[in-house]
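Residue numbering restarts at 1 for every chain, and letters A, B, ... go by the order of the sequence lines.
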Amino acid sequence: MIKHITQNQKNYLTRFEFILQGIARPISKSFPFQNISKIMRENYAFEKARTIVPFFYYFMVIVALYRILDLSNIVNEGQRIFAPRWPIFWADYLHYLTVIDIVHVFFILATLTGAFFYRHRAGRFIVFLGILEYHALRNSFGVTYHNWDIWVWIALLFIFLPDAWGSAHKSPRKRKRFLLVFWGAQAFVLLMYSMSGMWKIIAAAGQYLNGEASAVSFDAFSLHISTQLNILPETMTSMLGPLIINYPLLGWLPLIAIIYLQSFSFFIAFRPSLHSIWALGLILFHVGAYLTIGAEFFQHIPFLLFLFLDSPFRDPRASWRQTIADLPIFGWILGYLPKRNITNAV
Amino acid sequence: MKSNPYIKKFTAYIYDFPSLESFAKEERPFEKAKNIVRYLYYFLALKSTTMLFAGDTYFGTSENFSPVWSTLWVNLLSPADAITIIQFFFLASAFIGSFFYWNRIARIIAFLGVFELHALLSSFGIEVDHAWYPWLFVTFFLIFLPDTRAQTRHSLEGRKFFLLVFLAVQASVFFTYSMSGFGKIYGAINQIIGGGMHAFAPEALALHVAHWLASTHSVSLLGPFIIDHPWFGWPLFVGTIYLQFFALWILFKPSLHKLWAAGLVFSHIGIYVIMGLTYLSSAPLLILLFFDSPFHKPGTSWRKILLDLPIFGSLLRLFMDFRLSKMKK
Amino acid sequence: MSLSHSLPKKLIVLFLVFYFVVGVYAHFYIINQEEVYLLYSWDLYTKVPPRIQTEFTILIHEFEGKRLENPIIFERARGVLYSSLTEYRHSTYNKTNIQNIVRLLAPSIMHDKTKEIERLRMELEKTFLSHPVVYEVVEITFNPIERWKNGRFININSLGIFTSQVF
Amino acid sequence: MPYNALKIFLLSFFIVYFFAGFYVSKTIRGEKYLIFPAFLFTQVPPQIGTEYTVRILEYGGKELDHPILFPDAYKLYFDNSIALPHYNSVIRRIGMNIWQGQSGEIGQYIEALERSFLSKPVVYEIVRVKFDTIEYWRTGKTIEEKSIATFNTEDAGL
């Protein structure tokens, strides 16, 4: 017993230093690019990323085609308010229905171009223009609709992919650059979730200190749901909403889990072993959010699947132990435990 | 007979698909095929979530419910409950497919998801759902893939097996098109014998459009234009029949996979623009399966692609052989 | 060469920081984030709604010449008394538009701003499917859970009754 | 499953499906659950075409001053439980079978049609219409209208 205390004292000289190290270790472990750039040097990561990018462009064609099914909705919408955003500045000179036709046809043709010429920067740029025009059209009805934002930004980021397609152009420099842009897309997707989580935490702290209902209250989720359902017409409801309103406790842990999942998303950009778990979690979150408060953000799902489910940065040899150790908070706590056990044993 | 040089030459014109073993010997086709399988399930996952959003509007009304044999169990519940159950089963099955596509049980579950969804959609009213047929076939054939984890290496035999199943998946998509093309040609022959209007006549598309738009009381973007200028419709219609009928043949001409898929996607866009019909469900399959086909050899020359074309390519080969033999003389 | 000094990396980090900073800025300083195109703070469902909520809304008393026994609150009347902007199920477009008008209308009634009232009434009444509609602008206090479960309000404070006209 | 067995299975699957599809396409419905021949738009409509349609004579117990044809009655007298293109195929099948003197399989189609009336009883007739296809689309003019059967929703079955 005595021996182990002294060793602990040796390890952590002062209490202050102990706390400081506790904070610094997870941060220093996570934020520099060390981990990522080490993986970037490996060939398999590059090969994997290179197989994912074409499918982004193929899916884009599918998405563009399916927009046809939505045409009548858009036509109805624009007959009331139509205030073109800047990317469709040319809309002022044409009839509204012509604008819709042009944007949709261009979107489909642009994505088809992308499917054939995604290896060329010009091809990827045309795809970006196509989705940008469509996004602008979708947002020209007086209200912004952020569901398509992700497609625009990722298409923009992918323009900067270097030309590393042929087997002849595989210089390490290009490979790294390719992976970097790919990582940028991943980080961007995760950043959006982290921002969403960050505001929730800030608001929760403020509301808690004011003594109001906050995210940690047991009835928080049912307050969210009932407020949303109150403004729906009488015939509409969500599938799981009524259940959670009636049994508020059911919603407590899910809400905390969502905040955890969202807030630490950006951190996950540096933790490839957790990519697929986070993808699953965020997809479940989207499905759950729709079933309770009716919030629909399904446009994000392809990215969660593409970019994270089989992430190029994930080490195929990584063990479950490693994965759990990488978990935010839980992993950090666990990170201290085994070490102490070892010192105990000594 | 087999030694007959003309027959040999003729078969070479139409069938020069290398053996699957030669593909299996390489790493690339197998890796590609494996990758595509994954994205097929991703699409189902995406589709299942968006369908959730469309809600029960996707389905018919319960008064019209007349179950097919695979949804007979719904009679124990109400159709509304069945819709919920099947939607969620489809959602879960698609994600199980996405996450564990390498496991056969997961693929069986994914197939059952599509199967029950299609059965449910076919249980309203009197018409069977057509949109999910291609996916029904595809998910069914995918079950036969060898049970393999993504990371493990495969034996030559295993890869061959994998590629054969993948070829069957591709075939199932092109098969439907070929059936459709065959039906049109068969109908045209019947009509020609009967002595009347037929599919190869210049006004054929205009008549189709006029008849369809009048009987469905619908409008389309370019339909009226085709009716007023029937000659513009002729190449489109004959071209579509050409694309459809030879689709299955193209399966064995990998150099044309991408072009053919794009052509068929275009024909779907055309059908929408001219007839006002949205039939998009096989477009994702065309794009995912054929745009980056595992059997396509990169760097195939335009010459080879041209020579692979049905009819025209064969004629061209014949012509070139003729020239060659003349030059030899 | 060292990766950490490469330009693309700096650009990507810059992009992420930029998006984040603009998002934070938008959250604090741009009240109507609909103005910011393509950038967003993602502050969705940030605050937990309070247990006691106060809201301005309108109650429909008379519609198509028929007097309604139980006045309908406007959110529940969408698609019946109001045209809905979109056919989307669960869409919130229409709600935001009409609710924004009501949110401005109520205070202007309280402060007796005649011109403002005229203008906002016109905006609001344009969305009615038929005329005349007799409606009441009210301030309601309620617990959201109770309201959803039993349709009960704690308090309804009337601000004024209007009859819609065709403008 | 061994490789060769799979190969034979797959090949025979496609061949069997093809013939099954071909066979099914000859039946009245043109398809069967799980067997879809994909024979769409196989016959080019003739320039002078014949179609079958429904003409409503009495509706909700009241006789109509001007009998109304299905295209104009759609949405007014029918609910939307059947999509419009399906209505057409339903009516076409009823008409064709009556015209050819086979009333074997029309029972379910009559049932589906009658179920979709918004109000009953209805007296309607099945009309065989002759028209110039393109002219019919442009102006809606027909060359000849001939009633081939009259139904009353109150009559049980056929």
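- Contacts between residues 38-49 of chain D and chain B, defined by a heavy-atom separation under 4.5 Å, are made by D:Ala38, D:Phe39, D:Leu40, D:Phe41, D:Thr42, D:Gln43, D:Val44, D:Pro45, D:Pro46, D:Gln47.
- Minimum interatomic distance between B:Ala214 and D:Trp137 (heavy atoms only, all atoms of both residues): N-CD1, 3.7 Å.
- Using a 4.5 Å heavy-atom threshold, the side chains of B:Met197 and D:Thr133 count as separate.
- With chain D as partner, the option from B:His198, B:Glu203, B:Lys184, B:His130 having the largest number of non-hydrogen pairs under 4.5 angstrom is B:His130.
- Interface residue B:Leu20: only side-chain heavy atoms are found under 4.5 Å from chain D.
- Between chain D and the options B:Phe182, B:Tyr177, B:Phe115, heavy-atom pairs under 4.5 Å are most frequent for B:Phe182.
- Annotation: maximal heavy-atom pairing with chain D below 4.5 Å, among B:Ser70, B:Ser178, B:Gly187, B:Ser180, occurs at B:Ser180.
- D:Glu135 does not touch chain B: none of its heavy atoms, backbone or side chain, sits under 4.5 Å away.
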Can you give me every donor-acceptor pair (side chain of residues 3-17 of chain D, partner residue at least two apart or in another chain, under 3.5 Å) with its distance?
{"unit_1": "D:Ser12", "atom_1": "OG", "unit_2": "D:Ile8", "atom_2": "O", "d": "2.6"}
{"unit_1": "D:Ser12", "atom_1": "OG", "unit_2": "D:Phe9", "atom_2": "O", "d": "3.0"}
{"unit_1": "D:Tyr17", "atom_1": "OH", "unit_2": "D:Leu34", "atom_2": "O", "d": "3.4"}
{"unit_1": "D:Tyr17", "atom_1": "OH", "unit_2": "D:Phe36", "atom_2": "N", "d": "2.9"}

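- In this structure, chain D has a heavy atom under 4.5 Å from the side chain of B:Leu277, while its backbone stays farther away.
- Surrounding CD1 of B:Ile105 are at most 12 heavy atoms belonging to other residues, nucleotides or ligands under 6.0 Å away.
- The ring pair (Phe, Tyr, Trp, His ring centres under 6.0 Å) check on B:Phe166 picks up nothing, with sequence neighbours excluded.
- The CD1 atom of D:Ile134 sits 8.5 Å away from the CG atom of B:Asp228 when rounded to the nearest 0.5 Å.
- For the residue pair B:Tyr186 and D:Ser25, no side-chain donor N or O sits within less than 3.5 Å of a side-chain acceptor on the partner.
- For B:Phe175, the part sitting under 4.5 Å from any heavy atom of chain D is the side chain, from C-beta outward, and nothing else.
- Residue D:Glu63 places its CD atom among 12 or fewer non-hydrogen atoms of other residues, nucleotides or ligands, all under 6.0 Å distant.
- In this structure, the portion of B:Phe140 lying under 4.5 Å from any heavy atom of chain D is its side chain and not its backbone.
- The two residues D:Ile35 and B:Tyr133 have their closest heavy-atom pair at N-OH, 3.6 Å.
- Checked against salt bridge (Lys or Arg N to Asp or Glu O under 4.0 Å), D:Glu145 has the following partners two or more places apart in sequence or in another chain: D:Arg55.
- The parts of B:Ala119 that come within reach of chain D are both its backbone and its side chain, each placing non-hydrogen atoms under 4.5 angstrom from that chain.
- If you measure heavy-atom distances from B:Leu248 to chain D, you find no contacts under 4.5 Å at all.
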